[in-house]
There are 2 protein chains.
Amino acid sequence: MRRSSVETKAVILAAARERFAADGYDKATIRAIAADARIDPAMVMRYFGTKEKLFAAAAEFDLELPDLAPEQAGAGLVRHFLRTWEADEGLQVLLRTGVTNEAAAERMRTIFGGQVMPLVIDLTGDPERAPLRASLVASQLLGLALSRYILKFPPMVAATEEELVAWLSPTVQRYLTGP
Amino acid sequence: MRRSSVETKAVILAAARERFAADGYDKATIRAIAADARIDPAMVMRYFGTKEKLFAAAAEFDLELPDLAPEQAGAGLVRHFLRTWEADEGLQVLLRTGVTNEAAAERMRTIFGGQVMPLVIDLTGDPERAPLRASLVASQLLGLALSRYILKFPPMVAATEEELVAWLSPTVQRYLTGP
DNA sequence: GTCTATAATTCGATAGAC
DNA sequence: GTCTATCGAATTATAGAC
């Protein structure tokens with residue numbers, strides 16, 4: 001099959017995101033990604049140079065936190081996180097990989113520290129404990145993703161979005177603004 | 001060097017636990033484990049048969065939940081979990097591996113479902129929502145381990161045991177017995 | 001109990017024809 | 001743009017000498 005340059009690159013990248021999200025960095029081989037994209041493995045190297053660079057492109061991600069009213073910040077964050085997880089594979093790539101890959105772990109720290117912390121400061125006006133608050137929020141949100149989407153605890157998989165929001169919102173709200 | 005059979009086996013197992021805990025299943029090679037144990041790679045195969053069986057032995061783990069007074073169950077669980085994590089590498093092995101290995105994920109489900117759920121039923125006398133409650137507890141505890149020991153968010157690393165217990169106890173307590 | 005040698009795979013990466 | 005062929009490295013696993 002003959003495709004345009006941008007088209008081919010996009011197909012490869014989509015397959016790479018799926019594989020990295022499902023298998024992590026090491027088990028997601030270039031050969032498997034190429035097979036998914038119905039393309040020759042050599043093409044992957046041609047377009048992205050190395051596996052490392054392909055991963056960097058696949059792990060591109062932005063939380064894109066919305067503006068949230070102070071008293072609804074907890075619920076808003078949980079809901080936004082759940083929807084982002086299901087809409088964008090980037091987060092899944094980072095979590096599956098960050099566990100055994102220092103570069104991915106570093107990006108996780110940057111994303112949550114860099115994006116949740118300003119929200120906390122904005123909500124509380126207290127820069128002092130903002131880093132810890134942001135990390136506590138991250139711990140619950142990532143624990144949610146871990147148990148629901150990665151480890152697949154049956155009750156977490158079965159729960160509806162609204163159930164999870166109802167259970168987790170008070171937790172996140174307290175980490176954000178509580179004593 | 002000449003060692004007894006049980007001694008050699010114990011040395012190998014200790015090295016395996018460290019490697020699996022630090023690198024996950026795939027990156028922890030038999031060669032690296034053997035090098036750590038200052039032993040020939042062939043010896044590892046001799047004692048454990050396959051890498052898979054070696055992993056099964058290294059991932060042996062028990063939460064060993066203590067009896068907890070109802071009103072202190074949250075704080076007790078958080079504290080017990082933190083100490084168990086640091087004393088026994090088994091949990092770390094399972095978390096690092098469960099993210100990309102279905103067998104380890106299954107064991108995680110068994111451990112948390114099987115050991116936290118009875119505690120919930122004992123505390124609440126309500127078997128109906130016990131599975132979800134146990135999973136919520138697991139989500140926060142595993143999120144704690146993830147952010148503090150794996151991804152190493154600086155504020156979580158810097159926090160003392162008592163700080164973490166103070167922040168997380170109300171969360172866990174509510175998941176256990178709250179509305 | 002310990003080690004050497006090696007079989008059998010698999011992977012990332014490169015060179016080059018078309 | 002696409003593919004074949006292949007290199008070099010690394011891995012699990014096995015056979016067998018000492």
Side-chain angles (χ1 to χ4, degrees), chain A residues 1-60 93 96-104, chain B residues 1-60 93 96-104:
Chain A
M1 195 194 317
R2 191 84 177 186
R3 274 180 290 220
S4 72
S5 174
V6 285
E7 195 178 348
T8 301
K9 200 164 179 175
V11 170
I12 295 173
L13 195 56
R17 289 171 85 90
E18 272 189 43
R19 278 286 176 176
F20 281 128
D23 299 337
Y25 185 80
D26 293 285
K27 293 175 83 167
T29 67
I30 288 194
R31 288 166 148 84
I33 291 168
D36 287 354
R38 274 178 246 282
I39 224 173
D40 193 274
M43 296 300 299
V44 179
M45 306 303 293
R46 178 174 169 82
Y47 279 105
F48 291 92
T50 68
K51 183 181 180 180
E52 187 62 42
K53 289 180 189 169
L54 172 62
F55 172 75
E60 211 66 58
V93 172
R96 269 252 166 66
T97 309
V99 170
T100 50
N101 182 306
E102 174 51 28
Chain B
M1 195 191 317
R2 193 83 178 187
R3 274 179 290 219
S4 72
S5 174
V6 286
E7 195 178 347
T8 302
K9 199 164 179 175
V11 170
I12 294 173
L13 195 55
R17 289 171 84 91
E18 273 188 44
R19 279 286 177 177
F20 282 128
D23 299 337
Y25 185 81
D26 293 285
K27 294 175 84 167
T29 67
I30 288 193
R31 287 165 147 82
I33 291 168
D36 287 354
R38 276 178 245 284
I39 225 174
D40 193 275
M43 295 303 297
V44 179
M45 307 302 295
R46 179 176 169 81
Y47 279 104
F48 292 92
T50 68
K51 183 180 180 180
E52 186 63 41
K53 288 179 187 168
L54 172 62
F55 173 75
E60 211 66 57
V93 172
R96 269 249 166 67
T97 308
V99 170
T100 49
N101 182 305
E102 174 52 27

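Reminder, nothing fancy here: chain letters follow the sequence lines and each chain counts from 1. Keep in mind it's a predicted model, so treat the numbers as computed, not measured.
In this structure, CZ of A:F48 is placed 14 Å from P of C:dA13, rounded to the nearest angstrom. One can place OH of A:Y25 at 14 Å from P of C:dC11, the figure rounded to the nearest angstrom. Following rounding to the nearest Å, A:K51 (NZ) and C:dT10 (P) show an atom-to-atom distance of 15 Å. As rounded to whole Å, 10 Å separates atom P of C:dA13 from atom CG of A:L54. Between A:R31 atom CZ and C:dT9 atom C1' there is a gap of 11 Å when expressed in whole angstrom units. The distance between atom CG of B:D40 and atom P of C:dT4, rounded to the nearest whole Å, is 6 Å. Counting to the nearest Å, the P atom of D:dT11 and the CZ atom of B:R19 are 11 Å from each other. As rounded to whole Å, 18 Å separates atom C1' of D:dT11 from atom CZ of B:F55.
Using cut-offs of 30° and 60° for the angle between ring planes, the B:Y25 and B:F20 rings count as parallel.
Distances were taken from every side-chain heavy atom of B:R46 (C-beta onward) to each of C:dA13, C:dG1, C:dC3; the shortest belongs to C:dG1. Comparing D:dC3, D:dA13, C:dG1 by their closest approach to the side chain of B:Y47 singles out C:dG1. When each of D:dA13, D:dT4, C:dG12 is scored by its nearest atom to the side-chain atoms of A:I30, the top-ranked nucleotide is C:dG12. The side chain of B:M43 has C:dG1 as its nearest neighbour among C:dG1, C:dT4, D:dA13.
Mapping A:M45 and B:T8 onto DNA chain C via the closest heavy atom, the residue that lands nearer the 5' end is B:T8.
Looking at A:R96, its side chain never comes within 3.5 Å of a backbone N or O of A:D23 through a donor-acceptor pair.
The phosphate of C:dG1 has OP1 or OP2 within less than 4.0 Å of a side-chain N or O from B:S5.
The cationic atom of B:K53 (NZ for Lys, CZ for Arg) does not lie both less than 6.0 Å from the six-membered ring centre of B:Y47 and within 45° of the ring axis.
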Candidate pair B:V44 and B:L54, rule side chain to side chain contact (heavy atoms under 4.5 Å, CB included), full reasoning | CA-CA 8 Å; B:V44 179; B:L54 172 62; 3.7 Å; yes
Side chain to side chain contact (heavy atoms under 4.5 Å, CB included) between A:T8 and A:I39, worked out | CA-CA 9 Å; A:T8 301; A:I39 224 173; 3.3 Å; yes
